[in-house]
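Every number for a ligand or one of its atoms is a count from 1 in the order of the listing.
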Amino acid sequence: MNPLLNTLKNLLNQSIKNLFPTLPANFQAIITRATDPKFGHFQCNSAMPLSKVLKMPPRDIAQTIVDALLALPNHPFQEVSLAGPGFINITLSSKAITESLQSILNDEHLGVTAPEHPERIVIDFSSPNVAKEMHVGHLRSTIIGDCLARTLEWVGHDVLRLNHVGDWGTAFGMLIAYLKADHPRVLSGEETPSLSDLMNWYRASKYRFDENSEFKEASRLQVVALQKGEPEAFAAWQLISKISYDAYHQIYQLLDIKLTDRGESFYNPWLADTVELLNKKGLLTESQGAQCVFLEGYVCKDKQPMPMIVEKSDGGFNYTTTDLTALRQRVNDEKAERIIYVTDQGQQLHFKMIFECGRLAGFAPDTVQLDHVPFGLVLGADGKKLKTRSGNVEKLADLLQEAINRACVIMTERHPDWENSHTHEQATQLGLAAVKYADLSNHRQSDYQFSYDKMLAFDGNTAAFILYANVRTISIKNKSQLSPAVHLKLTEPSEIDLALQLLNFGNTIAHVASELMPNRLTDYLYQLAILFNRFFHDCPVIGGPQEAERLALIDLTHRVLNQGLILLGIKPLDEM
Ligand code: ARG
């Protein structure tokens, strides 16, 4: 929350209601930041819509409000004025701004208010598929999901981070049959393949499955064996899964991301119950031998009603059955009050239908909030969907490594005097920060172009720019012999601007937590870094008349930048 904005809202609402008692009790004034600093700090545009309700010219309404605000005892305004067709421009006094910021100075949570009721939140993110490529889409899900989890955790919620890995299904029958025939030494544990070996075999097994009917039958038998839990098939599946999980966790470790693995297989014991429950609710219809739910308003391209298949004609279950079952489990056993799914935009329809069906079936009561967090594509330099050459997880690691290598070149140039190991450590953090920031700073629903040069630049809306501003705050603090003042003093316009931005951290975080938009936080930090640089340019600190007071402002800026970076999943550097 922004304490100052809150006071402002209360004052405006109260004054308007006193002036116009006929307005409904829940009336809320519209207040936004001024579009141009020359109009002041904030503006209220409520006079125009009010004019219709009150049948009065908007300028008259606005003038009445302006007069009332200025007549308030001890008001926080430096200036309130009427402009144009009825805008109210508001400039706050430095005294009011200073007092508000003072309250944040002593707040460990930097103006972020704890939720009235902390929630139990499940975030389902990353979630690659065993023996298949972990692609840049999964990388996006991993980075965005982690940022949202960190934010919600820091705000005070109880978050369960789940990796819903695709580790179940008929494809495994194929792979096991293939390994049995061609690579028995893998199944006996005498040979340990890499994930790319597995992926190649997966592709080969699919090819054989389509070509060879005997192999098809052998695969089917393996699926049956696996579902029955027969030891040999089960051991083979475990082995395949382990190789995949190990590879994913190397990436998570590099990215410093914590995730609890809970693959699709976890829900296997309850899939049949889910179908039975849907049946009891009268939601099932048989269509071409499959058990389906038909939701109202969903049609296929050919205008036929769109089925949600929950049991295939061969009796097998699928992705949808698993998601409905996971929903039940998360509500009933995990006591989730909010469930967030982070996947590519292509799955929007899937989740829309899962949520709707989940509500109809009573799997998720209305008190449980369900959010799908869709995101767009990562594009290569050619403007086409970015594909690592063979598209496997090692290549994803290569992509991160390339960012680190380039960061290393930059760091070596800047600091030829550093020890190699130190350069490498700092460059690793910078490289990873660049990749994460580039991803998070784009509106998540737009596609974005992956460019090492852009993401590693020290200028513009990049990780390096924010990290560097933060390093600057540290080095000034180190340079000064004084300790920060206990009381702030804000005099220069660039101090006031910086203060107003610092006051907005709480609001920004609240917005990220409700709307699940990480780019709101990167935009905020980018603005903060710009305003800090401006302040630093305009206002002498060391040896100046307000050294201790300015140190306090710098220290607060440092705390906000630092915390913001941490919430993005970026390790702040102390030198660059
Ligand atoms: N494994 C899926 C994929 O790669 C993502 C799973 C997302 N989570 C879920 N509960 N469906 O597309």
_For atom 12 (O) of ligand 1, closest protein heavy-atom neighbour_ = Gln347 NE2, 2.8 Å
*N/O to N/O below 3.5 Å, does that happen between His350 and ligand 1?*
no
_Measuring centre to centre across the rings, with the benzene-like ring taken for any Trp, is Tyr319 within less than 6.0 Å of His350?_
yes
_Atoms of ligand 1 close to Phe351 [distance to a heavy atom under 4.0 angstrom, numbered from 1]_ = 9 (C), 11 (N)
*asked:* Are any of the N/O atoms on Glu264, whether in the backbone or the side chain, positioned under 3.5 angstrom from an N/O atom of ligand 1?
replied: no
*Out of Asp371, Val159, Ile339, which residue meets the side-chain contact (heavy atoms from CB on, under 4.5 Å) rule with Ile123?*
Val159
*Is it the case that more than 12 heavy atoms not belonging to Glu232 sit under 6.0 Å from its CD atom?*
no
*Does a side-chain heavy-atom distance below 4.5 Å link Met576 with Leu430?*
yes
_Cationic N near anionic O, under 4.0 Å, Arg359 to Glu356_ = no
*May I ask you to list the atoms of ligand 1 that are less than 4.0 angstrom from any heavy atom of Thr343?*
7 (C)
*asked:* Any atom of ligand 1 sitting under 4.0 Å from a heavy atom of Tyr319?
replied: yes
*Which ligand 1 atoms are under 4.0 Å away from a heavy-atom of Asp124?*
7 (C), 8 (N), 9 (C), 10 (N)
*Pick out which of Arg262, Arg338, Arg161, Arg330 makes a salt bridge (charged side-chain N to carboxylate O under 4.0 Å, His left out) with Asp124.*
Arg330
*Test of proximity, Tyr341 against ligand 1: N or O pairs below 3.5 Å*: no
*So, do Phe317 and Tyr267 have ring centers that fall under 6.0 Å from each other?*
no
*Side chain, backbone, both or neither: which part of Asp323 comes within less than 4.0 Å of ligand 1 when only heavy atoms are counted?*
side chain
*So which of Thr320, Asp344, Asn163, Asn129 gets nearest to atom 1 (N) of ligand 1, if we judge by its closest heavy atom?*
Asn129
*ligand 1 and Ser127, any nitrogen or oxygen pair closer than 3.5 angstrom?*
yes
